[in-house]
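Below you'll find the structure, written out as structure tokens, and then a few comments.
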Amino acid sequence: MTAAPLEPGPVTVRVPAKVNLELVVGPRREDGYHALATVYQAVSLYDDVTVAPADEWGVSVSGPLAAGVPTDGRNLALVAAHLLAERHDGDPAHVSIRKGIPVAGGMAGGSADAAATVVALDHLWALGLDRDELESLAAEVGSDVPFLVGGGTAMGSGRGELLAPVLARGTYHWVFALTDEGLSTPEVYAECDRLREGTDVPEPVCTPALMAALRSGDPHELAAQLTNDLEAAAVSLRPALGETLASGMEYGALGGIVSGSGPTVAFLVEDNEAGIDLAVALTASGVVRDVRRASGPVHGAHVVHHRTD
Ligand code: C5P
């Protein structure tokens, strides 16, 4: 009697969110994107993405933060899956996403799902792609997607997709203030252009002082270097974010910043204890609807489960 061939089982990949410690937005390029100099840090808010062989392509989303995520061809996980399938002749799969990353929050939730899908399908189909191949496919899906493949702390240039490692010591503790309604990334960039109209925008570069702060491992030093050129645009579109930033600082954060294109606000705190205190204070104040605590840097998209029987 011969054994039945093994069915490739579902693969689950866990992928983190990101915060930009520095986001320098340069001039708008001819392709519509903006030249960036940024430092990403992956933080411990996660989506779990499971891919399984199916008769047809599909995506489903679950978890308390699932509202508002598209389940059609606009979902970046499906965009990534189709691209990989086209290149490597892959069979249809169903992608199930369990969301722990805020949606449209400036934490790269959609990009994270795309990164996780590429890593999961690479595993399911036993393609054996190396890190460079995974990242270059990821870059075709979106500017932030390559970073979420590797995670950690890294510098991003180009439109954010060209990565270089950054030496970072220690673990940083964050409190994220969530909002009910997301912001559209293209709208925030457009608002940034509008606010800077008529000014000469230089080519973007990262600040050496930020790199020194990351090497020191001291959250006080890092807090002093947090900057985001999209913050003014996000606050202009959502003035309440100004109040959130002020409240967090008043309740003891070392530094506060709008995360990426917002509207999530990221607060850096001294340690885990300070994070608990700030989370309680922000929630009790009523200024913030919902908070999440996290730490970083953490690893990028990684397989947590693969059923092979
Ligand atoms: O690359 P991604 O698809 O995530 O970008 C979403 C949108 O954000 C782009 O369509 C563009 O409007 C804006 N963007 C930008 N410059 C960047 C990255 C994103 O203008 N470097």
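Quick caveat: nothing in here was measured; it's all calculated off a predicted structure.
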For [X] and [Y], work out which heavy atoms get closest and say how close.
X    : Y    : answer
A77  : T117 : CB-OG1, 3.3 Å
A266 : V19  : CB-CG2, 3.8 Å
A301 : V15  : CB-CG2, 4.0 Å
P219 : L254 : CB-CD1, 3.7 Å
Y189 : H34  : CD2-ND1, 3.4 Å
A234 : V188 : N-CG1, 4.2 Å

With a 3.5 Å distance limit and no angle check, can you tell me whether [X] reaches the backbone of [Y] through a side-chain donor-acceptor pair?
X    : Y    : answer
Y40  : G160 : yes
R238 : E181 : yes
K18  : T153 : no
E133 : D130 : yes
N228 : G260 : yes
H306 : V304 : no
H88  : L84  : no
D122 : G128 : yes
T12  : T50  : no
D229 : V25  : yes

Shared hydrophobic cluster for [X] and [Y] (ILVMFWY, side-chain gaps under 4.5 Å):
X    : Y    : result
V149 : V303 : yes
V298 : L214 : no
L121 : V79  : yes
L137 : L163 : no
L148 : L65  : no

* Does atom CG of D55 have more than 12 heavy-atom neighbours, drawn from other residues, nucleotides or ligands, at distances under 6.0 Å? -> no
* More than 12 foreign heavy atoms under 6.0 Å from CG of D31: is that the case here? -> yes
* **Derivation of the side-chain hydrogen bond (donor to acceptor under 3.5 Å, both in side chains) call for E270 and H220** => CA-CA 7 Å; E270 172 102 44; H220 294 261; 3.0 Å; yes
Atom pair [atom1] ([X]) and [atom2] ([Y]), whose distance is rounded to the nearest 0.5 Å:
X    : Y    : atom1 : atom2 : result
E231 : N20  : CD    : CG    : 11.5 Å
R293 : W174 : CZ    : CH2   : 15.5 Å
H82  : R87  : NE2   : CZ    : 13.5 Å
L21  : L268 : CG    : CG    : 8.5 Å
C206 : Q225 : SG    : CD    : 11.5 Å
D290 : F176 : CG    : CZ    : 13.0 Å

Report yes if the side chains of [X] and [Y] come closer than 4.5 Å at any heavy-atom pair, otherwise no.
X    : Y    : answer
V59  : I97  : yes
M155 : M211 : yes
L45  : M107 : yes
S60  : H94  : yes
P53  : L124 : yes
P146 : S136 : no
L129 : V119 : no

* Asked: Step by step, would you call R194 with E187 a salt bridge (charged side-chain N to carboxylate O under 4.0 Å, His left out)?
  -> CA-CA 10 Å; R194 194 185 68 78; E187 279 174 29; over 6 Å; no
* Residues D218, R169; criterion side chain to side chain contact (heavy atoms under 4.5 Å, CB included); working and verdict -> CA-CA 8 Å; D218 179 351; R169 287 203 176 83; over 6 Å; no
* Asked: Mind checking whether H302 and Y46 have parallel, tilted or perpendicular rings, split at 30° and 60°?
  -> perpendicular
* To do: Starting from V265, walk the hydrophobic network (Ile, Leu, Val, Met, Phe, Trp, Tyr; side-chain heavy atoms closer than 4.5 Å) and list everyone else you reach, by chain and number.
  => V175, V235, L241, L245, Y251, V258, F267, V269, L278, L282, V287, V288, V291
* To do: Please assess D113 against L76 for the test side chain to side chain contact (heavy atoms under 4.5 Å, CB included), listing each intermediate value before the final yes or no.
  => CA-CA 7 Å; D113 297 340; L76 289 185; 5.9 Å; no
* Show your reasoning for whether side chain to side chain contact (heavy atoms under 4.5 Å, CB included) applies to E161 and E135. => CA-CA 8 Å; E161 87 286 19; E135 285 181 359; over 6 Å; no
* To do: Please determine if D47 and R98 form a salt bridge, counting it only when a charged side-chain N lies under 4.0 Å from a carboxylate O.
  => no
* Should R289 and T179 be marked as a side chain to side chain contact (heavy atoms under 4.5 Å, CB included) after you check the CA-CA gap, both sets of side-chain angles, and the distance that decides it? -> CA-CA 6 Å; R289 178 188 59 87; T179 59; 5.9 Å; no
* Asked: Can you check side-chain hydrogen bond (donor to acceptor under 3.5 Å, both in side chains) on E22 and T207, steps first, answer last?
  -> CA-CA 8 Å; E22 176 170 48; T207 322; 2.2 Å; yes
* Please, which pairs that meet side-chain hydrogen bond (donor to acceptor under 3.5 Å, both in side chains) have at least one residue in residues 252-262, sequence neighbours excluded? -> T185-S261
* Does R159 count as lying over the ring of Y33, i.e. NZ or CZ under 6.0 Å from the six-ring centre, within 45 degrees of the axis? -> yes
* Before giving the answer on side-chain hydrogen bond (donor to acceptor under 3.5 Å, both in side chains), spell out for E191 and S236 the whole-Å C-alpha distance, their side-chain angles and the decisive distance to 0.1 Å. => CA-CA 8 Å; E191 180 67 0; S236 164; 2.5 Å; yes
